[in-house]
Amino acid sequence: MAGLTEDTNPVLDIDGLLINQEHNKTQEENNNNNSNSQLKDKSAVLGRDREENSSKNQNQAEIDMASIHRSGSRPQLDLSKAAIEGNFEEKDPTILLPNQSDDISHLALDIGGSLIKLVYFSRHEGQSIDDKRKKILKERLGISNGTRRSYPILGGRLHFVKFETTKINECLDFIYSKQLHHGGMDSCHWNAEAPANENAVIKATGGGAFRFADLFKERLGVSLDKEDEMNCLVAGANFLLKAIRHEAFTHMEGRKEFVQIDHNDLFPYLLVNIGSGVSMIKVDGDGKFQRVSGTNVGGGTYWGLGRLLTKCKSFDELLELSQRGDNRTIDMLVGDIYGGMDYSKIGLSASTIASSFGKAISDKKELEDYSPEDISLSLLRMISYNIGQIAYLNALRFGLKRIFFGGFFIRGHAYTMDTISFAVHFWSNGDAQAMFLRHEGFLGALGAFMSYEKHGLDDLMVHQLVERFPMGAPYTGGKIHGPPLGDLNEKISWMEKFVLKGTEITAPVPMAPPPGTTGLGGFEVPSSKGSTLRSDASALNVGVLHLVPTLEVFPLLADPKTYEPNTIDLADHNELEYWFTVLSGHLPDLVDKAVASEGGTDDAQRRGDAFARAFSAHLSRLIEDPAAYGKLGLANLLELREECLREFQFHDAYRSIKQRENEASLAVLADLFAELDSMSEETRLLTLIEGVLAANIFDWGSRACVDLYHKGTIIEIYRMSRNKMQRPWRVDDFDLFKERMLGSGDKKPQPHKRALLFVDNSGADIVLGMLPLARELLRRGTEVVLVANSLPALNDVTAMELPDIVAEAAKHCDILRRAAEAGSLLVDAMINPSDSSKENSSSIPLMVVENGCGSPCIDLRQVSSELAAAAKDADLIVLEGMGRALHTNYNARFKCDALKLAMVKNQRLAEKLIKGNIYDCVCRYEPASKANLL
Ligand SMILES: CC(C)(COP(=O)(O)O)[C@@H](O)C(=O)NCCC(=O)O
Ligand SMILES: [Mn+2]
């Protein structure tokens, strides 16, 4: 058979289906080899009753089977009873694998001398509700029904875990208890009795892949398929740099600064891997690299010499010592040679190291006379500077703009990174910068994972990945994993057990002082040396990577490349401290609401307490190192809180509050409509915008507003808020908006074709604010798309809840009723999707779409495919509320007209953003700029 080689695995027989287990077979080869009967028994694939189908269709099936065929070195697909779904004439038919669990799980390992790194994939627990409304909507928006084959990869999660190599048994237990060695298992319902697959193979790299191969076979019954380490490092680095937005960062004087890498302009770069020795690899593309240099003076040298000279017991201990050292006692400095003076003529300061360990020649001292701390520091600087210098010279040699450092030697150690950065800066005269990677410890394991065929990861784009930090992140983040936590109960117990440890961590740790200058080219002591920064890898927390193939970049962003969702820069230390204090202050109240939403049971209380602990721990970790989870904005913090609630199974803490407010507001809606209908067009438009701003006061995420709610009923507060509406608002573009809507003089402008209304809170906000505005737009012939959260966040209305609210509102208004009926929002009046799409596909007056998120803010780089599809024809967007229009997107520019409406319900934000006061309002209107329309 063409292309078969010696190491080709034996042919596998699954339920009568013979598949060649050839490695590395390309799609093209597979296609060409169809005639070579890769699928010896087609009937098993096509179903016996379909044998009479044309050979053309059989060939198609073969191609498809070949494309989903996976090599023997990965978990096997269960192809039994496989059948083609739907039309045989289709170019790309779906093949159903009824016996294949969705939870295809893959594991790859990097077994190093000191650490074992695991990367494993698990399937998402399906939670998408595909109701009738959604089905109709998808059909009308022309979104395919999301068969798995429309996406290159299944949705799922990538987990990153590490163990000490000396504790390999813990690692094996972990793999066993999660059944990661059985491919194709269902992570929730694995069957411990299931016999291990005889041929199961796990990809592994690192020296331990050889050393521990027998142990893996013996304990887990799996073989380790060894992958080349250098290949893996490069594949891992390429994936991370292309797929993760804030993967790379610089580290100067104790400060991490994330660097956004344009993935179209990534290559070539220099990858410097500092293990025991050092490899310098020029990377030109995927799988294209060359080891161009290296040095034998590396991590092993530091540890080896350090051990001999200081009697240290571990690498970490040696690093720890360096933090308290003073290398001037042992290094010969320029000042030592020049009588304390700089050698300024050639740009060397007195503090520059002229000769590492050089003082030891002239001193009449013995080894014991030097402190281990000073020795360790001198050694660390000697080696780091040397590596930095060689790296820079190699970058220069090949004209490479970027140098990324990784490897066991760095392991998130702030001082090491500073030292290397300093060296690169020094030797390049500031032209080059050293960069580091957040997942640096996992490059090899990730690369090994990538070496499985057709995992689909290569096709993933930045916007399809969401990194989440689960409850344990502040404790275990970059550290070694213990046994896996099973159910929620175990998680809570774990949280309770860690209360003591938690107090250690939750006590706010002072931030590193503002950076000082290191002086003229001198090798001064970088400022990250000190007690505020840890010596271990916990400085680099790595979350779980959620792969969500359905996410898209919002197509109306004027410039997605420069778009930054967050308005407030939390890199400003005062801001950071303020928002952390605010969020900590909210916790007791939030826990009360959450517990009440679950019936106030003992179990709910226990979960509530665990949630508070977990979230406090996140906050403390981030106060200690704001860059610990990547680039941090206020939106991330607010989302983290919601995710943390969900983790403890609080799915909608404000459920009853939302219901109460909806009912109260719906009760007065008819009166409001009547009032509006009696007004002139101009007064009505102003009243509508006032209404949106006034009703935005119902915000259970704002301390001030919650205090206010004790002072009156919902309607009383709403009236009070309306009565206080006085123009000009603090930001007031109403006249401009009015002109676009109503024109000036006799000129009647064209109404907008489609408006996307990003709605905010439940109750008055949606019912008395945004729905009346939607009604006005509908009246003017504009299609309206109500965009709401996919998951609950505070008292925000969700896309699931909206149709019912619209249906209730429609009882009071013909415009809404007709639009809602035609938009299939009224369940009773729902039109058969096929009829409706035929008849009325060109215009859908009113739709509800989910935005893809579960946070009070919105990052428009990652929205639902539904929203992206609805946005294609939109020429107006209205962003409402503090979260969506101020905390995020205040500075966002769009290809279409944009109206940003919010009441500022926080004094500090009001001062900072609009130089105003709490309860001031923002009505910002930005027409699509001509340039954007091109
Ligand atoms: C969480 C929020 C963004 C929600 O505001 P919304 O988008 O609902 O207008 C806002 O309530 C907020 O920023 N709260 C924290 C600040 C405070 O308590 O003052
Ligand atoms: Mn809100």
Side-chain angles (χ1 to χ4, degrees), residues 68-78 97 100-111 116-127 148-149 151-163 171 174-190 194 196-197 200-205 216 220 222 224-225 227 232 235-236 238-240 242-244 247 438-439 441-462 464-470 473 481 484-486 542-551:
I68 55 171
H69 144 68
R70 288 155 180 176
S71 83
S73 58
R74 65 176 296 147
Q76 306 297 332
L77 283 177
D78 185 349
L97 302 175
Q100 172 59 48
S101 155
D102 267 355
D103 294 84
I104 297 170
S105 166
H106 310 300
L107 164 70
L109 301 163
D110 175 4
I111 313 177
I116 305 175
K117 280 78 63 176
L118 270 71
V119 172
Y120 68 92
F121 174 83
S122 67
R123 274 277 288 149
H124 274 307
E125 302 118 48
Q127 46 173 242
R148 272 195 263 138
R149 292 172 59 79
Y151 301 109
I153 185 170
L154 303 171
R157 298 169 193 189
L158 276 185
H159 305 257
F160 301 85
V161 180
K162 54 185 162 186
F163 293 86
C171 173
F174 183 87
I175 295 171
Y176 182 79
S177 64
K178 283 200 165 287
Q179 292 287 292
L180 298 174
H181 56 307
H182 291 320
M185 61 103 194
D186 172 331
S187 59
C188 307
H189 320 102
W190 61 273
N197 180 350
V201 176
I202 296 173
K203 293 278 189 187
T205 188
F216 272 79
L220 300 173
V222 293
L224 297 183
D225 189 8
E227 287 292 322
C232 289
N238 281 351
F239 169 74
L240 291 166
K242 281 193 273 184
I244 303 198
E247 176 62 25
R438 281 189 48 239
H439 291 79
F442 290 97
L443 295 189
L446 200 52
F449 188 91
M450 305 285 293
S451 70
Y452 284 119
E453 283 170 57
K454 298 193 179 64
H455 42 64
L457 287 183
D458 299 322
D459 304 318
L460 274 177
M461 313 250 263
V462 173
Q464 294 165 321
L465 287 159
V466 184
E467 191 175 7
R468 297 210 186 284
F469 293 87
H481 235 274
L485 295 173
V542 168
V544 176
L545 267 191
H546 292 234
L547 318 179
V548 195
T550 51
L551 290 178

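No hydrogens, no waters, no symmetry mates; every other heavy atom, side chains included, goes into these values. We count residues from 1, following the sequence as given.
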K.L.:
Distance from M450 atom CE to N238 atom CG, nearest 0.5 Å?
P.N.:
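Answer rounded to 0.5 Å: 8.0 Å.
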K.L.:
Within a strict 4.5 Å, meaning less than it, do heavy atoms of the L545 and I244 side chains meet?
P.N.:
yes
K.L.:
For a quick test of reading the model, state the closest non-hydrogen atom pair linking V542 to R438 and the distance between them.
P.N.:
CG2-O, 3.6 Å
K.L.:
Give the ring-plane orientation class for H159 versus Y120, where under 30° counts as parallel, over 60° as perpendicular and anything between as tilted.
P.N.:
parallel
K.L.:
What's the verdict on side chain to side chain contact (heavy atoms under 4.5 Å, CB included) for L158 and F442, showing C-alpha distance, side-chain angles and the deciding distance?
P.N.:
CA-CA 12 Å; L158 276 185; F442 290 97; over 6 Å; no
K.L.:
What is the minimum heavy-atom distance between V119 and A445, and which atoms define it?
P.N.:
CG2-CB, 3.6 Å
K.L.:
If the condition is salt bridge (charged side-chain N to carboxylate O under 4.0 Å, His left out), which residues does E227 pass it with, not counting sequence neighbours?
P.N.:
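E227 satisfies salt bridge (charged side-chain N to carboxylate O under 4.0 Å, His left out) with K203 once adjacent residues are dropped.
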K.L.:
Minimum heavy-atom separation for G543 and F160, please, with both atom names.
P.N.:
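It is O-CD1, 3.5 Å.
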K.L.:
On a heavy-atom basis, which atom in P470 and which in V544 lie closest, and how many Å separate them?
P.N.:
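Of all heavy-atom pairs spanning P470 and V544, the closest is CG-CG2, 4.0 Å.
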K.L.:
To check you understand the geometry: which heavy-atom pair defines the closest contact between G444 and C232, and what is its length?
P.N.:
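Here G444 and C232 meet closest at O-CB, 3.4 Å.
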K.L.:
In Å and rounded to the nearest 0.5 Å, what is the CG to CG distance from L443 to D110?
P.N.:
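If we round to the nearest 0.5 Å, L443:CG and D110:CG are 9.0 Å apart.
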K.L.:
Can you tell me how far CG of L551 sits from CE of M461, rounded to the nearest 0.5 angstrom?
P.N.:
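Output value for this atom pair is 12.0 Å.
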K.L.:
Atom CG of L107 and atom CD of Q179: how far apart are they, to the nearest 0.5 Å?
P.N.:
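So the CG of L107 and the CD of Q179 are separated by 12.0 Å.
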K.L.:
Hey, could you give me the CG/CD distance between L465 and E247, rounded to the nearest 0.5 Å?
P.N.:
11.0 Å
K.L.:
State the OG1-CG distance between T205 and D225, to the nearest 0.5 angstrom.
P.N.:
10.5 Å
K.L.:
Identify the heavy atoms of V201 and Y452 that sit nearest to each other, and give their distance.
P.N.:
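Answer, listing the atom of V201 first, then Y452: O-OH, 3.9 Å.
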